[in-house]
Peer 1: 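First the structure, which I've put down as structure tokens, then a few questions once you've had a look.
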There are 2 protein chains.
Amino acid sequence: MRKQVAERAGVSEATVSRVFSESDAVKEKTREKVLKAAAELGYVPNELARQFARKRSGNLGVMLPFVPKAKLFSTYYFYEMMGGISEAAQQHGADLLLLQRMPGEDRGCGLLFRQQKIDGLILLGARDIAEEREELLKLDAEGRSFAFVNQRIDGLEHRAVETDHRRGCFLAAEHLLQQGWRRPAFVKGPPGFSNSLDRLLGFRDAMPDELKGEHAVLQGNYSRTSGLALAGEAAELLRSGQADAFVAGNDRMAIGLLQGLRQLGYESSRDYGLTGFDDSDGARLMEPTLTSVSASFYETGRMAALIALQVQSMPVDKLPVGLVVRESSLKRT
Amino acid sequence: MRKQVAERAGVSEATVSRVFSESDAVKEKTREKVLKAAAELGYVPNELARQFARKRSGNLGVMLPFVPKAKLFSTYYFYEMMGGISEAAQQHGADLLLLQRMPGEDRGCGLLFRQQKIDGLILLGARDIAEEREELLKLDAEGRSFAFVNQRIDGLEHRAVETDHRRGCFLAAEHLLQQGWRRPAFVKGPPGFSNSLDRLLGFRDAMPDELKGEHAVLQGNYSRTSGLALAGEAAELLRSGQADAFVAGNDRMAIGLLQGLRQLGYESSRDYGLTGFDDSDGARLMEPTLTSVSASFYETGRMAALIALQVQSMPVDKLPVGLVVRESSLKRT
DNA sequence: ATCAATAATGTACGCGCGTTCATTTTCTCA
DNA sequence: TGAGAAAATGAACGCGCGTACATTATTGAT
């Protein structure tokens, strides 16, 4: 095919290649001849062969954590992130290869590189567990180009793109106190994610000294169901006066908690203050609307992609957060 | 690399290849030798080279419609679909290549095949507009392996995986009538999608003869905002008695409508009945919870993937739907 | 044990491109 | 106009694998 284009244009195959690679110096006249011949014959370079020849797949892998069945994409967090990744990839001519970490046959991400399926990798939902950490350290030692998101792992700080979770929850807690709530409690995400802890720390930062060690912490797992399940415990805190507000580690737990407390006769604003984290769609859909920390996961994803594509190095600062005040946190007097 | 494995195992390169291809007959003894040698040397076949050699990329393309910035993945519809696609792809050893139709440089999907970037393609959010139809017809004529979802295009019925939108809205409307609502109106999605019309037809199917041509239709565009914007119009229908219930073409419009009507003093169940379509997360999060048609987009996606991967042919029936009755449609007496 | 039939393995080549190096053309400045 | 330098092009090769075909080892029936 390329040969015929070459013949038709009266040049050699190498020249055709050069024209389509755009890199080399080709005389404008020749270039036009080749392009014309190619257009007439409907020739398009075989991308697969190019990738093979230049030993680069041009793919940016996106590793999703294994989540059973339908709920794979069901969180605001992920699709927001994917949007940013997608934009960056598009902008730099990379294709996105969607990968899923399987539960059993965890062959490791290194394989994907060695197979040359991907040139760079973004890990979503990485955890700081021993085997995963070890694998990533190895990947790093091999000089692979990857990044992960909202997770700290010792020795891999230069690979982690993070939003400022700590400050986010600080803002939320501070806001509740300003609203006149006296004893906020924290609804924590699952262990294994550093951001669960960071968010708690931010919450503590905002506590006045007399509450620093005194506030209650409820343990959830970032799902709405877990928030719902904590309603009984939360109601007890409200009843006994040990808490009159909640900073939830994410929106979904906040929403579950709100629904659960409603069933028990507690209404936000009237009986307690509530904030979430993520500024998800749900926060706007709720009744009352949910005050939430907005973290631009879109930007986080974009940044991670730029790093994995090696067009940018790790920024020094964590990505900024903001507080979106809606109804659930306000204190009705 | 392969050569060294061959030497170490005392066989030829071809045999190594055969072992890793798993297809050919290789003596068990030899197989073990090769595998052992490969393990010792850390050899893994270069996937890129294999793809090149066998002229198959092994990738299933998923074409997303271009949606500005962050909202790319923000609909329940898409991520549910992606979950199903992902499962099917995984099961058949295909990788998912995420593609996005760009607004300007619409070079056509055919290119992706000719470039050998993909072996099969799923189009999400295809529309029945002239240029798109033409392009897909060409793709079909070229014998490419693709499928699209929830859209009918003349001459491409064998490529379309559909859920039974019509029956879904029939069930919703029927349910509202059974609840005692007298004059349901329909909130329609944008033109250009056949499912917008199908859903309206299903709604009509359920109408008693005296209402068949008489019911009101509000025109939205599947966004929550459009539902919100229709609240004034809807309130007028309620006020004048031209409608006392709404079947919305999807959940987001239903949610917007509910919020808008609330601002105008109308409450569902008390003042009107409401149903959505998609059974999205939002339907559960609402207050009141939203009665909605559940359509298993997960299954739709899975089916589309199986067809695009040519492991299954088009089913004769549309995929089934169900009605999930929650609070918004109930008539409080 | 012999020979044919079959299974197992080896040899050789090409997939479509990028790229190095040699060669030719064009340009520059005397 | 004629070198020499620089730009443009061509010829040849190899990337790592799969595979058709040739070759050798194994089996089974006589």
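We name chains A, B, ... by the order of the sequence lines, and we start the count at 1 in each one.
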Peer 1: Looking at Glu157(A) and Arg152(A), does any basic side-chain N land under 4.0 Å from a carboxylate oxygen?
Peer 2: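 The answer is no: the pair does not qualify as a salt bridge.
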Peer 1: Could you check Gln116(B) against Thr30(B) and say which one's nearest nucleotide on DNA chain C is further toward the 5' end?
Peer 2: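 The residue closer to the strand's 5' end, by nearest nucleotide, is Thr30(B).
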Peer 1: Pick the closest DNA chain C nucleotide for Lys55(B) and for Lys27(B) by heavy atoms, then say which residue is nearer the 5' end.
Peer 2: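 Its nucleotide being nearer the 5' end, the pick is Lys27(B).
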Peer 1: Just say parallel, tilted or perpendicular for the rings of Tyr222(A) and Phe193(A), cut-offs at 30° and 60°.
Peer 2: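 It falls in the tilted class, 30° to 60°.
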Peer 1: Is there a donor in the side chain of Tyr43(A) and an acceptor in the side chain of Gln4(A), or the other way round, less than 3.5 Å apart?
Peer 2: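 Tyr43(A) vs Gln4(A): no donor-acceptor pair found between side chains.
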Peer 1: Atom CD of Glu28(A) and atom P of dA7(D): how far apart are they, to the nearest Å?
Peer 2: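 About 17 Å, once rounded to whole Å.
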Peer 1: Reading DNA chain D from 5' onward, which residue's closest nucleotide shows up sooner: Arg50(B) or Gly10(A)?
Peer 2: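 Result of the comparison: Gly10(A).
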Peer 1: Looking at the side chain of Ala25(A), which of dA8(D), dG10(D), dC17(D) is the nearest nucleotide?
Peer 2: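 When the side chain of Ala25(A) is considered, dA8(D) is the closest of dA8(D), dG10(D), dC17(D).
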Peer 1: Taking all non-hydrogen atoms of both residues, which atom of Leu123(A) and which atom of Phe146(A) are closest, and how far apart?
Peer 2: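 That closest heavy-atom pairing would be CD1-CD1, 3.8 Å.
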Peer 1: Between Glu13(A) and Arg2(A), does at least one N-O distance fall below 4.0 Å, as a salt bridge requires?
Peer 2: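 Counted as a salt bridge, because a side-chain N and a carboxylate O are separated by less than 4.0 Å.
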Peer 1: Salt bridge between Arg302(A) and Glu299(A), side-chain N to carboxylate O under 4.0 Å?
Peer 2: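 Salt bridge: yes.
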Peer 1: To the nearest Å, how far apart are Leu48(A) CG and dC17(D) C1'?
Peer 2: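 Distance check: Leu48(A) CG to dC17(D) C1' gives 12 Å.
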Peer 1: Between which nucleotides of DNA chain C, 5' to 3', does chain B make heavy-atom contacts below 4.0 Å?
Peer 2: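 Going 5' to 3' along DNA chain C, contacts run dA8(C) to dG16(C).
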Peer 1: If I take atom CG from residue Leu121(B) and atom CG from residue Leu99(B), how far apart are they, to the nearest 0.5 angstrom?
Peer 2: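 The distance works out to 7.0 Å.
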Peer 1: Find every protein N or O atom lying less than 3.5 Å from an N or O atom of nucleotides 11-13 of chain D, and list the pairs.
Peer 2:
none

Peer 1: Could you tell me, to 10°, how much the axis swings from one end of the helix from dA1(C)-dT30(D) to dA30(C)-dT1(D) to the other, five pairs per end?
Peer 2: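 That helix has its two terminal axes inclined by roughly 20°.
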Peer 1: Just wondering, are more than 12 heavy atoms of other shown residues or ligands nearer than 6.0 Å to CD in Glu40(B)?
Peer 2: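 Correct, the count exceeds 12.
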Peer 1: Would you call Lys36(A) and Glu32(A) a salt bridge, taking side-chain N to carboxylate O under 4.0 Å as the test?
Peer 2: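 Here Lys36(A) does not pair with Glu32(A) in a salt bridge, since their nearest N and O are not under 4.0 Å apart.
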Peer 1: Tell me what Ser17(A) touches on the nucleic acid: a base, only sugar-phosphate, or nothing, going by heavy atoms under 4.0 Å.
Peer 2: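 Since a base atom lies under 4.0 Å of Ser17(A), the category is base.
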Peer 1: Indicate whether the side chain of Asn150(A) and that of Thr300(A) have a donor and an acceptor atom separated by less than 3.5 Å.
Peer 2: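 Side chains of Asn150(A) and Thr300(A): no pair found under 3.5 Å.
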Peer 1: How long is the line joining CD of Glu32(A) and C1' of dA8(D), in whole Å?
Peer 2: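 My rounded result for the distance is 16 Å.
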Peer 1: Look at the side chain of Asn59(B) and the backbone N and O of Lys117(B), then say whether any donor-acceptor pair between them is shorter than 3.5 Å.
Peer 2: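 Yes, Asn59(B) side chain to Lys117(B) backbone: donor-acceptor pair under 3.5 Å.
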Peer 1: Take atom CE of Met1(B) and atom C1' of dG14(D), then tell me their distance rounded to the nearest Å.
Peer 2: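 Nearest whole value for this atom pair: 18 Å.
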Peer 1: From CD of Glu13(A) over to P of dT9(D), roughly how many Å is that when rounded to an integer?
Peer 2: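 Result: 16 Å.
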Peer 1: If I take atom CD in residue Glu22(B) and atom P in nucleotide dT19(D), what distance separates them, rounded to the nearest angstrom?
Peer 2: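 It is 13 Å, rounded to the nearest whole Å.
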